[in-house]
Amino acid sequence: MEKDVYEKIMDLARRRGYLWSSFEIYGGIAGFVDYGPLGCLLKNNIISKFREQYIVKEGFYEIESPTVTPYEVLKASGHVDNFTDPIVECKNCLESFRADHLIEEFADVDTEGKTLKELDELIKKYNVRCPKCGGELGEVKKFNLMFVTSIGPGGKRTGYMRPETAQGIFIQFRRLAQFFRNKLPFGVVQIGKSYRNEISPRQGVIRLREFTQAEIEYFVHPERKEHEKFDLVKDEVVPLLPAERQMDENLKEDEKVIKISIGEAVEKGIIRHQTIAYFIALTKRFLEAIGIDKDKIRFRQHLPNEMAHYAIDCWDAEIYTERFGWIECVGIADRTDYDLRSHSAHSGVELSIFVELDEEREIETYEINLNYKVVGRIFKKDTKAIEAYINNLSEKEKEEFVKNIENNGKVIINIDGKEFEILKDYVEIKKVKKVIKGEKVIPHVIEPSYGIDRITYCLLEHSYREEEDRVYLDLKPSIAPIKAYVLPLVNKDDMPKIAKEINQMLRESGIIAEYDDSGAIGRRYMRADEIGVPFCITVDGQTLKDKTVTVRERNTREQVRVKIDELINYLKEKLKE
RNA sequence: GCGCCGGUGGUGUAGCCUGGUAUCACUCUGGCCUUCCAAGCCAGCGACCCGGGUUCAAAUCCCGGCCGGCGCACCA
């Protein structure tokens with residue numbers, strides 16, 4: 001049977017040192033890959049482009065935090081609770097199911113927020129059986145997608161391998177805000193490994209248990225999600241697949257995508273604000289800049305039920321692949337203030353930024369002070385969180401709070417899913433006149449999150465070319481792992497010596513080149529083509545006479561003569577592409 | 001995690017049914033040759049996924065595991 005493109009590429013990738021399966025001599029483990037010598041170069045070149053776009057051009061800054069993350073952080077972020085599925089296994093046929101889904105189907109009761117024990121009891125109560133064979137079900141077990149580890153001897157502190165790089169940025173918010181001199185908006189990048197203990201990873205590099213993310217957390221004022229540089233991208237036309245159209249049953253599959261300019265999409269409310277739209281445009285530009293086929297990119301909005309627990313809106317950049325169809329390679333999410341609020345509540349540390357008003361003004365406001373003697377006794381450890389909550393209230397929220405407490409004698413506040421009843425005598429409220437110069441704001445976060453491994457695979461697939469007599473990777477010169485092969489036409493006279501000297505000269509100047517003198521020249525060209533080397537430099541008889549070489553271009557196979565003295569400049573110019 | 005199918009040098013394979021440690025081609029390495037797109041000649045490196053069982057003897061038969069593909073479930 002004819003191999004499909006995926007197989008051909010993985011084959012090439014394995015043979016030529018792009019991608020290898022990890023731990024292979026011990027049988028391998030699904031969900032892990034090694035980048036071979038060329039794979040590493042390629043991936044690093046992609047990451048360089050990412051840095052060029054976001055660090056250099058956009059002015060964001062990159063940080064690097066640990067991959068081992070203590071329990072508290074991921075408890076606060078919601079990953080400990082939400083990143084897990086309750087799973088139940090049939091004792092008879094061994095099939096496993098989502099316990100909560102099963103119960104809801106069977107008994108039509110709400111299982112939201114139920115503990116494992118409660119789920120067990122519900123299964124007994126309603127006599128829930130295996131939907132496949134009717135067998136008895138076992139105990140409900142938690143399956144968390146995070147890798148657990150323990151920190152320090154004795155394993156007293158639980159840690160997890162981070163499921164996303166984002167949290168490292170959120171928890172450094174105070175330091176970052178200080179670094180950016182308390183001015184919104186600002187963008188912070190983190191590039192590194194993340195971990196998800198997938199139940200059954202397949203599809204090679206598409207679904208990994210350890211993978212590389214490049215994430216941007218872009219902090220904005222919650223009411224100012226327009227973008228300063230929006231004009232620069234507003235005419236960019238993008239293929240969009242909005243949630244509404246996906247659910248519209250009157251539309252055929254291929255009618256669901258609309259091609260529209262970024263500017264128009266925002267005007268029409270298809271994209272909810274400029275900042276998300278801006279990043280959609282930049283993402284499109286990035287993907288095209290590294291060489292992803294522009295006709296195989298689209299942006300699909302998440303349906304309400306597929307959104308992550310922290311997001312209110314999300315657009316995925318999807319890239320088309322032959323075997324897997326459209327796969328998610330970049331997620332651009334509006335995470336609101338979810339993370340900063342959660343971390344603030346859990347840590348008791350205020351995570352807001354002081355935003356100055358254009359003009360100072362006098363307002364009537366309330367000063368809400370906790371009556372610590374009472375509150376402390378009642379809420380104990382939670383007091384800190386309540387304090388942070390109250391300190392974080394905006395003027396509007398304060399008014400609401402006071403109104404409630406005066407009318408009803410109490411306010412119920414919800415901190416991270418936990419409810420607290422605040423009675424009138426827990427707080428002291430003063431009405432004060434105050435000149436305000438600004439206000440505390442918890443920024444919202446717009447997060448473009450790039451899956452580097454998937455992008456790398458897609459790039460290989462989109463670069464793969466077959467011609468009658470050869471296979472080659474049409475990688476852009478700036479992205480290609482090896483930039484040049486230096487070849488003596490024949491192993492005679494001084495040709496090998498000169499070729500070696502040129503090879504060294506190129507390497508000294510920062511161009512990754514390889515020398516190859518084995519076999520006939522044609523064979524060596526083919527070898528270079530297959531791994532995507534954009535230029536072959538051949539030392540021939542004429543070189544000996546006039547110090548010129550031929551430079552063969554990979555895609556066209558055209559040759560030009562270039563003086564050895566001018567070779568570096570010639571190549572450097574070409575390598576900008 | 002379940003079911004079905006598969007796993008032999010770097011790649012593609014022959015051998016498996018009917019047990020006696022492996023075929024062929026390409027690639028790769030060294031040499032000769034070769035003045036522009038996988039030419040030729042000589043020499044060489046290189047494999048039965050792992051573990052257990054049956055047997056005098058296992059690539060071959062049986063069981064388990066791992067990996068891969070497909071289907072189901074999952075993919076926040």
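Just so it is clear: chains get the letters A, B, ... in the order the sequence lines come, proteins before strands, and each one is counted from 1.
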In whole angstrom, what separates [X]'s [atom1] from [N]'s [atom2]?
| X | N | atom1 | atom2 | result |
| --- | --- | --- | --- | --- |
| A:Y160 | B:rA76 | OH | P | 19 Å |
| A:R527 | B:rU11 | CZ | C1' | 15 Å |
| A:K8 | B:rU11 | NZ | P | 17 Å |
| A:M307 | B:rC75 | CE | C1' | 16 Å |
| A:E467 | B:rA38 | CD | P | 13 Å |
| A:L145 | B:rC75 | CG | P | 8 Å |
| A:Y525 | B:rC37 | OH | C1' | 7 Å |
| A:L12 | B:rG12 | CG | P | 12 Å |

If I pick the [atom1] atom on [M] and the same atom on [N], what distance separates them, to the nearest angstrom?
| N | M | atom1 | result |
| --- | --- | --- | --- |
| B:rC61 | B:rU55 | C1' | 10 Å |
| B:rU13 | B:rG6 | C1' | 15 Å |
| B:rG51 | B:rC56 | P | 22 Å |
| B:rU23 | B:rG9 | P | 14 Å |
| B:rC33 | B:rC66 | C1' | 48 Å |
| B:rA14 | B:rC32 | C1' | 33 Å |
| B:rG30 | B:rG65 | P | 45 Å |
| B:rC63 | B:rC72 | C1' | 26 Å |

Taking the six-membered ring of A:Y310, is NZ or CZ of A:R335 closer than 6.0 Å to its centre and within 45° of its axis?
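The answer is yes, since A:R335 meets both limits relative to A:Y310.
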
Ring-face cation of A:R454 near A:Y457 (centre distance under 6.0 Å, axis angle within 45°):
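No, a cation-pi geometry is absent between A:R454 and A:Y457.
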
For a 4.5 angstrom cut-off between non-hydrogen side-chain atoms, does [X] reach [Y]?
| X | Y | result |
| --- | --- | --- |
| A:E530 | A:R15 | yes |
| A:P448 | A:I280 | no |
| A:R272 | A:I312 | yes |
| A:N144 | A:N197 | no |
| A:V549 | A:T538 | no |

Considering only side-chain heavy atoms of [X], which listed nucleotide, [options], is closest?
| X | options | value |
| --- | --- | --- |
| A:N491 | B:rG30, B:rU34, B:rC70 | B:rU34 |
| A:K492 | B:rC36, B:rU34, B:rG30 | B:rU34 |
| A:V490 | B:rU35, B:rA39, B:rC70 | B:rU35 |
| A:R523 | B:rA38, B:rU35, B:rG30 | B:rA38 |

Under 4.0 Å between a side-chain N or O of A:R470 and OP1 or OP2 of B:rC37?
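Indeed not, no polar side-chain atom of A:R470 lies that close.
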
Indicate whether OP1 or OP2 belonging to B:rG10 is found under 4.0 Å from a side-chain N or O atom of A:R16.
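No, A:R16 has no side-chain N/O under 4.0 Å of OP1/OP2 on B:rG10.
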
Mate of [N] where both pairing distances stay under 3.5 Å, Watson-Crick or G-U:
| N | value |
| --- | --- |
| B:rC56 | B:rG20 |
| B:rG9 | none |
| B:rA14 | none |
| B:rG51 | B:rC63 |
| B:rA73 | none |
| B:rA43 | B:rU29 |
| B:rU34 | none |

Give me the ring orientation class for A:F324 and A:Y6: parallel if the planes are under 30° apart, tilted from 30 to 60°, perpendicular past 60°.
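Rings of A:F324 and A:Y6: perpendicular, over 60°.
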
So A:F170 and A:H343, would you call those rings parallel, tilted or perpendicular, with 30° and 60° as cut-offs?
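Ring orientation of A:F170 relative to A:H343: tilted.
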
Strictly below 4.0 Å, heavy-atom distances to any atom of RNA chain B: list the hits from residues 546-558 of chain A, or just say none.
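Those residues whose heavy atoms fall under 4.0 Å from RNA chain B, taken from residues 546-558 of chain A in numerical order, are A:T550, A:R552, A:R557.
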
Heavy atoms only, 4.0 Å cut-off, all strands: where does [X] land among base, sugar-phosphate and nothing?
| X | value |
| --- | --- |
| A:R207 | base |
| A:Q559 | base |
| A:D11 | sugar-phosphate |

Sub-3.5 Å donor-acceptor pair from the side chain of A:R554 to the main-chain atoms of A:L475, do we have one?
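Pair found, side chain donor or acceptor close to backbone of A:L475.
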
Step-by-step side chain to side chain contact (heavy atoms under 4.5 Å, CB included) determination, A:F147 to A:R209:
CA-CA 9 Å; A:F147 285 97; A:R209 289 184 165 130; 4.1 Å; yes

Polar atom pairs (N or O), protein with nucleotides 63-68 of chain B, under 3.5 Å:
| residue | atom | partner | partner atom | Å |
| --- | --- | --- | --- | --- |
| B:rC66 | O2' | A:G27 | O | 2.9 |
| B:rC66 | O2' | A:G28 | O | 3.3 |
| B:rC67 | OP1 | A:A30 | N | 3.1 |
| B:rC67 | O4' | A:G27 | O | 3.3 |

On RNA chain B, check which nucleotide each of A:E164 and A:E530 is closest to and give me the residue with the more 5' one.
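Nearest-nucleotide comparison on RNA chain B picks A:E530.
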
Quick check: on RNA chain B, is the nucleotide nearest A:R15 upstream (toward 5') of the one nearest A:D493, or the reverse? Name the residue that is more 5'.
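Nearer the 5' end of the strand: A:R15.
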
Which value, rounded to the nearest 0.5 Å, describes the distance between A:N503 atom CG and A:D516 atom CG?
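CG of A:D516 is found 10.5 Å from CG of A:N503.
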
